[in-house]
Structure formats: C-alpha cells, structure tokens
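Below: the structure, in structure tokens.
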Amino acid sequence: MVKPQLPQFPEPIWRDQISLPSFPALNDSIKADVGIVGGGITGITAAYLLAKQNLNVVLLDAGPVLNGTTGHTTAKITAQHGIIYDEFITHFGLEKASLYYKAAEEAKEFIEHTVSENNIACDYSKEDAYIYTNDDSYISKLEKEKEAYERLNIESKLTDTIPLDLPVKKALIMHNQAQFHPLEYLKMLLEDGLKHGLTVYENTTASDIEYNKHTSIITRDGHRVTCKYVIVASHFPFYDRQSFYFARMYPERSYLIAGKSPEKFPGGMYINAESPTRSVRSAKFQGDDVLLIGGENHKTGQGKSTMSHYEALQIFAQDHFKIDKIDYRWSAQDLTTLDKVPYIGRITKEDKTVLTATGFRKWGMTNGTIAAKILVDNILDQDNPYNDLFTPARFQADPAVRKFMEINADVAKHLIKGKLEFTKNPVDELARDDAAVTRVNGKRVGVYKDEQDAIHMVDTTCTHLGCEVTWNSGDRTWDCPCHGSRFNYSGEVVEGPAKKPLAKIEEHK
Ligand code: FES
C-alpha cells in the first residue's frame, strides 16, 4: 500500500476558500467602551453581542482574525468533553458538574439559534457524539461515565458497537450534539458586529494593560485603547496581573488531517478514550464529503518529531478509511487548567474592568461561546449562573495542588534538560527547510535553513522564563516545553505567554 502524501505546508481546511474581511493595524490611540484582545470564537462572539447593545467595541488581533486556535479546531459543538462528568461529580459535586453540562448545552443552543435566526450557511448539522474504547481498562470508566450521565439527565446510550469500521469494545453516545464550519459561522458574527459599529484592527499586538482613571490596552507599537472594560481573549492571556496563569495551565498540541474517503460516512463524531487519541468526523467541503482525522496529543515542545504525528494519523486514515490523498494538515494548541474547568471572569478577584477567558481544553466551540456570554453579562451588569463555577479566582485544592506541583516539576526538568542538549555543528549538514540546535560562543542557538538556503539563527532561550525552545518541524516554529510559548523560525512570537521575540543571533545567505 502506498502511503498518501502529506501537504508540504500546514493549513486548516477552514481557512481555505473562505474570504474573510481584512482590517488595518492600529496606528493611533483611541477610546472605546470595551476593548477586546483576540479575534477567535470568544472575542468575536463577545464583540457581536456587545456591539448589538450599542456599545462602542474595538477588537485587536496580533495577526489576522480567526487564525489562532479557533481557526485550527475540529469544530465539534458538544458537551461531551471527553470522560469528564464522573470526575467532576467526584471532585466538585453533582451541582457543579450539572452546571458545567448546562453551560455547554447553553453554548450549543446559542450557536444553533444564531445559525437558524440568521440563516448562516455553515453546514450546521446535528450529530451524535461518541467516546469509544478498544482497551479493556477503559470499559469500566465508560460505564461509570454513563452512570454520571444518568445522574445529570444527559440523553445517552452505552453500546458495544459504533457505525465506523474500527475495533471497539464499548462506546458511550451523547445524543443531539452538532458540528459546523466554524469560520463561516464566525464570519457572519463578525460582519453583523461591524454593521453595529464594531471596529477591528489586525496585526496589532497588545503588550500591556495600564490602570489610570480608565483602563488602557497598550500595543507593542505604543498606541493605546482606553476603555471601560477589557476582555483578554488571546488564548493564553497576554496579560495576567501577577495571577500566574502560566503556572496554572499546561499547553498541549494536537494534529489534524483532512481528505476524501471513497466510503460513505455514516454520520456521528467520534473520539477514543485511550492514547493515542483518534478523533473522526466528516465535513462538507466544496460539495464533497471529507473526513477530519485528529489526535496524537502531546505536551507542547515535548513530542517526538512533529511530522511523525501527522504520519501516524495518515496511516490510520489509510488503514481504516482508505484515504489515499491528504488534502490538508494542521495542528492546534490547547490549554488545560488545573481542574480542567476553564478560567472565565475577572482576571483577578478585585479587578472589575479586566476580564479573561482561557483554558478551554480542546472544547473551544462550547467553552468559547459560553465564555463570551459570561463576560458580556459581567460587562452589562447582569447575573450569570456560571460566574462562580468558572471564576479564575478559584483554587480547588484537590486535585489542583497535586497537578500544580506536577506541572511545575515538569517545567523545572525541561528548564535544565534543554540547557544541556545540543548538536555539534549542524549548519553545514542542514537540509533545506530543516533546523537544529548548536552552540555559538557558548550560547545555545537554534538554526533554521529555509527553502532559499538562508540561515536564520535565534537564541533558543525562551523570553518568558528562560526554558529552552525546541524545533517543531510540522509548523516550522520554536516551541517552549514549559508554558507553551511558540516563536516562528525568525524568532517572532506566535503564541504567548512570551511577549518578546527570541533574540536573533545572525541571519545570512
Ligand atoms: Fe514559559 Fe517558555 S513559555 S519559559
């Protein structure tokens, strides 16, 4: 069997063939009622809702809008966030577990209602969501999760088979979930926001917040947006007011490929319980049915060669779905909080004007939507039943403390390990589009040779807290294993918490 080729460059299927509006960079200081940082699902949904309330809303994005984690999602709209409800009932009690479920349901209903009210052509379809396993040790976990579903009145079924031709011993179905084209949906919200006076600036990096009479977002170019409220929806909060979000979350990368299968897809959205993760759903694309296959999660900067993750998915696609051409490949970064519940609300307990939402743990379509609703209610001074559940100020001792220790021990390990590893002098041996780490004058240096033979050298010391970045061959980025900062091959920040680029050592032909 011939292995299907992978596309040379990563690109999510959602961004292909869609014409999104573009916006200028901010080149002045301005005022607004609400300044939003981050043009993903949370930022755009919040902007849409607030602009409809006749508030003067300004949205900033460090790149083009809808190109972060939202643009790289699997776009499942579901309350089935892995095997989670039995654990939540044990750790937080039935009431909070039920609130978490209701929040996801409310997000799903909001999306469904918005799609039908505005006739959005985004291939919205209702699907059953499945968690399946072929591993004996997960069978009892699925059975316990089914009991949790019953306690929470979730419409569900435990079964021994699924409609896909995959080896399965048990599966848990959550009925009436959904999927869609996330960017077609968010494009309409964005356009509607613009009609209601929303202003958007792209390629505008927010770097700080200042507190005077009013709160101001300060951009990297020194401009400011002075506003009554700030929403930090930049995936990793670009600003954390000493709340140490980086130590309260860990980043994971996962991978997706898409291609046409010769076989008819029976419907449904699937994810397995065990490792390595495999997630399968179909999507309509230019009139064709394509399969989206995802998985291979690992902590950022800690995996094997990034291309090998795509290759593992490629083999799975061919073995089980006879896919002989992969049209798209892309990867995403997700953040998980200490207790697996997102942080949504005031950035610190005392701070009424700066709100944030982060830590969606791969389930950004529902978590990002409910986050927008919670933050908007806070700004409009309306009660929201989910404030306490999601408040970033919480600190659940169990299991959070243990996890906190684990995460930070792991960080310490990588801080030291990275300092010791390097190759001797790889520059001469580097192939085009390849990278290695070497030492120049005692400094650890990352070297990338591009397609034109130009060499790009950066200091591999992460500008956040000094861990050593590693090369991600799939995305051509330098990724930090400690808190997930990512930099492009020339050192520019792709993803925080780092704010400053990697120091350039030299660049020559
Ligand atoms: Fe924290 Fe790199 S992201 S040290």
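Hydrogens, waters and symmetry mates play no part in the numbers below; they use all other heavy atoms, side chains included. In this chain, residues are counted from 1 in sequence order. Whatever order the structure lists them in is the order used to number ligands and atoms, beginning at 1.
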*Decide, counting backbone as well as side-chain atoms, whether C482 has an N, O or S atom less than 2.8 Å from atom 1 (Fe) of ligand 1.*
no

*Counting backbone and side chain alike, does H464 bring an N/O/S atom below 2.8 Å of atom 1 (Fe) of ligand 1?*
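Yes, since at least one N, O or S atom of H464 sits under 2.8 Å from atom 1 (Fe) of ligand 1.
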
*To the nearest 10°, how many degrees is the angle C480 SG to atom 2 (Fe) of ligand 1 to C462 SG?*
110°

*Give, for atom NZ of K76 and atom CD of Q179, the distance between the pair rounded to the nearest 0.5 Å.*
9.0 Å

*Is it true that C462 and C467 have SG atoms closer together than 2.5 Å?*
no

Atoms in ligand 1 with a heavy atom of [X] nearer than 4.0 Å:
| X | value |
| --- | --- |
| S485 | 3 (S) |
| L465 | 4 (S) |
| C467 | 4 (S) |

_Of the N, O or S atoms in H483, the one nearest atom 1 (Fe) of ligand 1_ =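 Considering only N, O and S atoms, H483 comes nearest to atom 1 (Fe) of ligand 1 through ND1.
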
*Just checking, R476 and Y489: is the charged tip under 6.0 Å from the six-membered ring centre and within 45° of the axis?*
no

_Under a 4.0 Å threshold between the charged nitrogen and the carboxylate oxygen, would R346 count as salt-bridged to D351?_
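So D351 does not pair with R346 through a salt bridge.
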
*Electrostatic pair K340:E87 at N-O distance under 4.0 angstrom*: yes

*Aromatic ring pairing Y255/H298, orientation class (parallel under 30°, perpendicular over 60°, tilted between)*: parallel

